[in-house]
J.: 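I'd like to ask you about the structure that follows.
Quick note: residue numbers are just sequence positions, from 1. Note that the coordinates shown come from a computational prediction; the quantities given were computed from them, not determined experimentally.
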Amino acid sequence: MHEPSSNQTSHSLLYRALVNGSRLTPQDRKRLYLIIVIGFTLFIWTSIGLFLSLQPARYLSEWTLILPGVGKGHSVSLDSIGQASATATSPFGSSALDPKVNYKHLALSQPVLTRAAQQLELSLQDFGKPRIKLIDQTSLMEFEVAGNTAQEAYDKAQALYQSLQTQLDILRDRESEMIVQSSLDALGEFSRKLEDSQKNKLDYQINAGVLSLEHFNLLVQQLEEKRLEHEALEARLSFISKRMDALLHGAHLQQQEVTKALLLRNDPVFEEQLHRHADIHTQMSSLNGVWGPDHPQYRHLRVAHDTVDAKLTARGRKLIQDPKASTAELIEWGGNRLDSAVLNDLVTLIADQAGLQEQLRVTALAIERLAQRIDDNADDAVHLEDLARKQQVATAVFTTALAKQDIGKSDRFASYPLLQMLAHPTLPERPDGRKRLHALAGGVVSTLALWIGMTLLWLRKPFLQKALKNG
């Protein structure tokens, strides 16, 4: 025979206890259950009674805060430089961040509660913690603060609100100081880059042949204008030359003969000699036809003719600076065979031609110099444009950063939204009875639970016996 093991013994005892229960008689068992129920019921209600009698009256002050959800935006456009903008968006624009939760933790933080308690000369424990409820889908925060008196509850509410606003102002000031300091550091760097870009451009301009790309473009424009002017002068010269050639061809003259004729005609001495020469020649022709060449008067006129001829030739050669000119040529150039109007036109055309030729020479020289200067300074213009672009970028960055810093100072509520009082703290008229109601409700629930539990224990034996036997 094997002795039963300890596990089997334990199971046997447990089985017998569950199925058979205690060995008390039903009367004794009923009496025991009544004693337990009554005892625990008395204990529950005695505790509740002591709590209600010893718990001091508590007054609740309630109020509601709201966080406006509309942010302010600023934008400044800087002509030809850049644009600066600062926008404070709605604090409720992101589902991942709710400023109400931040403000709730901030209101329950030790610095805020300590400051509020110090205003009322209370300890942190005596001041207590407020009850804060966040209303979903809104920007509302409901606060409750308890006090021993109605005035104390009201004063705690006011002190807590002021302390919370003070803490928010401190946080905003710290944030503003950090942003300003960071902006000043960045502005210092931007200013240094701007100064470097300006210095580099000025240093290069000192040695460069042009001051800027605009200056280089002006040189190119001047070159194009000079070329157009040169083409216009060539066209004008061509027109004058063709007209002059036509007049010279009609007068059977060369260009240099026109100038000689003009010099001779404008000299009174030559004109006088020319008139004397014509008179003597006329007289000689008359005598020669009547008396012949041997007449004494004709011989006398011949001598006078030779004298006038010599003086006429000497004067004419001196005027036109041509020692080889013949007397016949001088008489032809200085005579009245040529029309004075045609001669004047020819002289004018010759003068215009000479002037145009000089202008063409000057413009051609200017074109050559401009083309050479443009070719020499093309690289300088490209480099100056690059330096000017860097300076413009540095100016835009610096000016935009400076404008953004000034704009950013105008909105203190970007990171910590504005908090406003929607419903002011109430001054309670009667003590708060919710704790009493909670205590009474707890007593009733505990009593019911006790009675139900003991009833189930009383009824367990027949049910367990039936269930275990069937199993």
J.: Enter the distance from Leu370:CG to Glu224:CD here, rounded to the nearest 0.5 Å.
T.: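 Rounded to the nearest 0.5 Å, the CG-CD separation comes to 11.5 Å.
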
J.: Does some side-chain heavy atom of Leu60 sit less than 4.5 Å from a side-chain heavy atom of Val145?
T.: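 Side chain of Val145 against side chain of Leu60, heavy atoms only: no contact under 4.5 Å found.
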
J.: Could you please spell out the steps behind the salt bridge (Lys or Arg N to Asp or Glu O under 4.0 Å) verdict for Glu189 and Arg192?
T.: CA-CA 5 Å; Glu189 181 66 18; Arg192 183 188 63 79; 2.5 Å; yes

J.: Hey, mind stepping through Gln221 and Asn217 against side chain to side chain donor-acceptor pair (under 3.5 Å) and telling me if it holds?
T.: CA-CA 6 Å; Gln221 182 179 357; Asn217 292 334; over 6 Å; no

J.: Out of curiosity, Ser61 OG to His424 NE2, how far, rounded to the nearest 0.5 Å?
T.: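 Output value for this atom pair is 12.0 Å.
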
J.: Would you list the pairs meeting ring-ring contact (aromatic ring centres under 6.0 Å, His included) in which at least one residue belongs to residues 103-136, sequence neighbours left out?
T.: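 Output for this query is empty, none listed.
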
J.: Is Glu229 salt-bridged to Lys226, going by a charged N under 4.0 Å from an acidic O?
T.: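 Yes, this pair counts.
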
J.: Using a strict cut-off of less than 4.0 Å between a Lys/Arg side-chain nitrogen and an Asp/Glu carboxylate oxygen, indicate whether Glu152 and Lys156 qualify as a salt bridge.
T.: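 Result for this pair is yes, salt bridge flagged.
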
J.: Do any N or O atoms from the side chain of Ser109 and from the backbone of Leu106 form a donor-acceptor pair under 3.5 angstrom?
T.: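 Answer holds: yes.
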
J.: Given side chain to side chain contact (heavy atoms under 4.5 Å, CB included), test Glu214 with Leu218 step by step and report yes or no.
T.: CA-CA 6 Å; Glu214 290 76 12; Leu218 181 60; over 6 Å; no

J.: So does Asp169 pair up with Arg172, basic N to acidic O under 4.0 Å?
T.: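 Looking at Asp169 and Arg172, the cut-off is met.
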
J.: Without placing hydrogens or testing angles, list every side-chain donor-acceptor pair under 3.5 Å for residues 116-125, not counting sequence neighbours.
T.:
| unit_1 | atom_1 | unit_2 | atom_2 | d |
| --- | --- | --- | --- | --- |
| Ser123 | OG | Asp126 | N | 3.1 |
| Ser123 | OG | Asp126 | OD2 | 3.0 |

J.: Show, in sequence, the C-alpha distance, side-chain angles and deciding distance for Thr149 and Tyr154, and conclude whether the side chain to side chain contact (heavy atoms under 4.5 Å, CB included) test is met.
T.: CA-CA 9 Å; Thr149 63; Tyr154 178 81; over 6 Å; no

J.: Nearest 0.5 angstrom please: Thr363 OG1 to Leu228 CG, how far?
T.: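 Rounded to the nearest 0.5 Å, the OG1-CG separation comes to 11.5 Å.
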
J.: Checking the side chain of Lys100 only, and the main-chain atoms of Thr138 only, is there a donor and an acceptor separated by less than 3.5 Å?
T.: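 Present.
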
J.: Hey, does the side chain of Ser446 reach the backbone of Gly442 with a donor-acceptor pair shorter than 3.5 angstrom?
T.: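 At least one qualifying donor-acceptor pair exists.
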
J.: So do the side chains of Ser163 and Leu113 get within less than 4.5 Å of each other, counting heavy atoms only?
T.: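 A side-chain contact under 4.5 Å is absent here.
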
J.: First locate atom CG of Leu108, then atom CD1 of Ile132, and finally report the distance between them rounded to the nearest 0.5 Å.
T.: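 Going from CG on Leu108 over to CD1 on Ile132, the span is 4.0 Å.
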
J.: Stepwise, does the salt bridge (Lys or Arg N to Asp or Glu O under 4.0 Å) test hold for Arg227 with Glu231?
T.: CA-CA 6 Å; Arg227 286 174 176 171; Glu231 292 177 358; over 6 Å; no

J.: Does anything in residues 352-368 pair up under salt bridge (Lys or Arg N to Asp or Glu O under 4.0 Å), and if so which pairs, sequence neighbours excluded?
T.: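 Sorted result for residues 352-368: Glu358-Arg361.
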
J.: Looking at Lys199 and Asp196, is any side-chain nitrogen of the basic one under 4.0 Å from a carboxylate oxygen of the acidic one?
T.: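 Not counted as a salt bridge, because no side-chain N and carboxylate O are separated by less than 4.0 Å.
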
J.: Quick one: does Leu168's side chain get under 4.5 Å of Gln165's, heavy atoms only?
T.: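 Leu168 reaches Gln165 side chain to side chain.
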
J.: With side chain to side chain contact (heavy atoms under 4.5 Å, CB included) as the criterion, how do Arg369 and Arg373 come out once you've worked through the C-alpha distance, each side chain's angles and the decisive distance to 0.1 Å?
T.: CA-CA 6 Å; Arg369 290 177 178 175; Arg373 185 177 179 185; over 6 Å; no

J.: Is there a side chain to side chain contact (heavy atoms under 4.5 Å, CB included) between Thr64 and Met141 once you walk through the steps?
T.: CA-CA 6 Å; Thr64 304; Met141 303 174 62; over 6 Å; no

J.: Taking all heavy atoms of Pro428 and all of Ala150, pick out the closest pair and write down the distance.
T.: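 So the minimum-distance heavy-atom pair works out to O-CB, 3.1 Å.
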
J.: Atom CG of Leu65 and atom OG of Ser139: how far apart are they, to the nearest 0.5 Å?
T.: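 Going from CG on Leu65 over to OG on Ser139, the span is 10.5 Å.
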
J.: Taking C-beta and beyond as the side chain, do Phe143 and Glu62 meet within less than 4.5 Å on heavy atoms?
T.: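 With C-beta onward as the side chain, the pair stays apart.
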
J.: Enter the distance from Glu144:CD to Trp63:CH2 here, rounded to the nearest 0.5 Å.
T.: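 Separation between the atoms: 9.0 Å.
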
J.: If you count heavy atoms of other groups shown closer than 6.0 angstrom to CZ of Arg115, is the number above 12?
T.: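 Check passes, neighbour count above 12.
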
J.: Between Tyr161 and Thr166, is any pair of side-chain heavy atoms under 4.5 Å apart?
T.: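 When only atoms from C-beta onward are counted, Thr166 and Tyr161 do not touch, as no gap falls below 4.5 Å.
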
